[in-house]
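Beneath this line is the structure, given in structure tokens, with notes to follow.
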2 protein chains.
Amino acid sequence: MKWDTLEEEQCSLARTVAVIGDRWSLLVLRECFLRIRRFEEFQSRLGITRHLLADRLKKFVKFGVLRRVKYQDRPARYEYILTQRGLDLYPIVMSIVHWGDTHMVDERGRPLLHQHKKCGKDFDPVMICSECGEPLLAREVHTHAGPGAPKPAAAIG
Amino acid sequence: MKWDTLEEEQCSLARTVAVIGDRWSLLVLRECFLRIRRFEEFQSRLGITRHLLADRLKKFVKFGVLRRVKYQDRPARYEYILTQRGLDLYPIVMSIVHWGDTHMVDERGRPLLHQHKKCGKDFDPVMICSECGEPLLAREVHTHAGPGAPKPAAAIG
DNA sequence: ACGATATCGTTCTAAAAAGGAACTGTCAAA
DNA sequence: TTTGACAGTTCCTTTTTAGAACGATATCGT
């Protein structure tokens with residue numbers, strides 16, 4: 001398994017890691033969900049090197065997670081905006097935040113709370129089974145080969 | 001924001017990225033959930049360099065995600081086993097797999113299916129609001145400062 | 001007209017991380 | 001005695017990342 005051909009692996013986790021598994025990628029994504037859109041703003045908020053930022057934005061555009069949209073001519077200026085594919089990364093971001101809220105906070109407590117506009121309450125994200133609606137626990141899940149499985153099923157998904 | 005002090009950031013995403021955001025970390029974690037426990041087995045399945053593998057395992061132990069358990073003396077041999085803290089990473093892993101299943105599969109389809117032992121059916125993971133039970137969409141969530149917020153609320157969580 | 005500022009990158013060099021292969025130490029089995 | 005399993009470590013090369021400066025293009029203030 002080579003890092004630079006991860007997207008060709010027959011494993012959905014490996015392929016997603018090819019998109020978000022780089023150093024800085026998840027932090028750039030965090031900014032996207034906070035509605036940051038411009039190069040300078042990403043750069044100054046994250047302190048990432050400009051070179052890496054350019055790389056990561058290019059990679060996200062290549063994988064269809066961000067759209068590069070011109071917002072002015074002369075000089076041409078672009079914004080980076082989440083596509084639907086990018087918005088679909090939200091559960092990943094929220095589950096990461098939630099693990100941090102649970103296991104990595106200090107005595108001051110959570111830095112941010114999340115309010116669900118629909119019900120008006122501060123919430124935690126909960127992952128459930130699409131079929132029965134029960135919360136998912138690692139021990140209660142059995143994996144088996146799907147149609148796109150390699151000969152020996154050697155991947156989590 | 002420096003990569004090597006990420007765990008001290010006042011942001012739950014950044015702190016979690018300090019644990020799982022390295023190259024290879026998520027792939028090692030995948031193997032853990034597939035019940036891989038020994039150095040050689042991780043190494044041969046992933047093709048990761050031995051040096052990096054040793055580093056990543058050490059880091060997971062340091063952050064309490066894995067437990068290093070001696071399973072024989074003379075010579076001392078160890079296994080790496082998920083702690084509860086590690087098992088709690090399951091929603092992150094599943095949401096990553098699910099995004100890959102949705103957006104990165106080729107014509108062959110999903111490599112792996114997941115069966116929920118409780119209801120017996122193959123499922124997708126769905127993220128819902130802990131308060132009202134509705135599925136979570138990025139656009140329907142409002143973030144606001146929590147008790148551990150930095151002066152200007154500049155983090156997703 | 002002139003300099004300052006804004007924006008989105010690219011270029012350059014040094015430092016850090018990752019890749020790759022061989023090696024160590026201990027024990028069991030053939 | 002030799003081979004092999006296991007869990008790393010050591011050494012060296014290649015790739016990535018960090019850090020700072022530079023370029024191109026345009027607007028704004030004076």
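Order of the sequence lines sets the chain letters (A, B, ...), proteins ahead of strands, with each chain counted from 1.
Closest to the A/Arg38 side chain, of the nucleotides C/dG9, D/dT17, C/dC8, is C/dC8. Taking every side-chain heavy atom of B/Thr49 into account, C/dG19 is the closest of D/dG19, C/dG19, C/dT7. Here D/dT9 is the nucleotide among D/dT9, D/dT17, C/dT7 with the atom lying nearest to any side-chain atom of B/Ala54. Comparing C/dG9, C/dT7, C/dG19 against the side chain of A/Phe39 picks out C/dG9 as the nearest.
If B/His51 and A/Arg23 are placed on DNA chain C by their nearest nucleotide, the residue sitting closer to the 5' end is A/Arg23. Nearest-nucleotide assignment on DNA chain D puts the 5′-proximal partner with B/Leu57, out of A/Asp4 and B/Leu57.
Separating the CG atom of B/Leu6 from the C1' atom of D/dT17 is a distance of 15 Å, rounded to the nearest angstrom.
Nucleic acid contact for B/Phe42: none, since no nucleic acid atom lies under 4.0 Å from a heavy atom of the residue. If you check every strand for non-hydrogen atoms under 4.0 Å, A/Lys70 touches nothing.
Under the 4.0 Å criterion applied to side-chain N and carboxylate O atoms, B/Lys117 and A/Glu140 are not assigned as salt-bridge partners.
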Point to revise | Where protein sits on nucleotides 23-30 of chain C, one letter per nucleotide: B base, S sugar-phosphate only, - none, heavy atoms under 4.0 Å | key: --BBS---
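The line from CZ of A/Arg67 to CD of A/Gln84 is 10.5 Å long, rounded to the nearest 0.5 Å.
Put simply, A/Arg37 has no side-chain N or O that comes within less than 4.0 Å of OP1 or OP2 on C/dC8.
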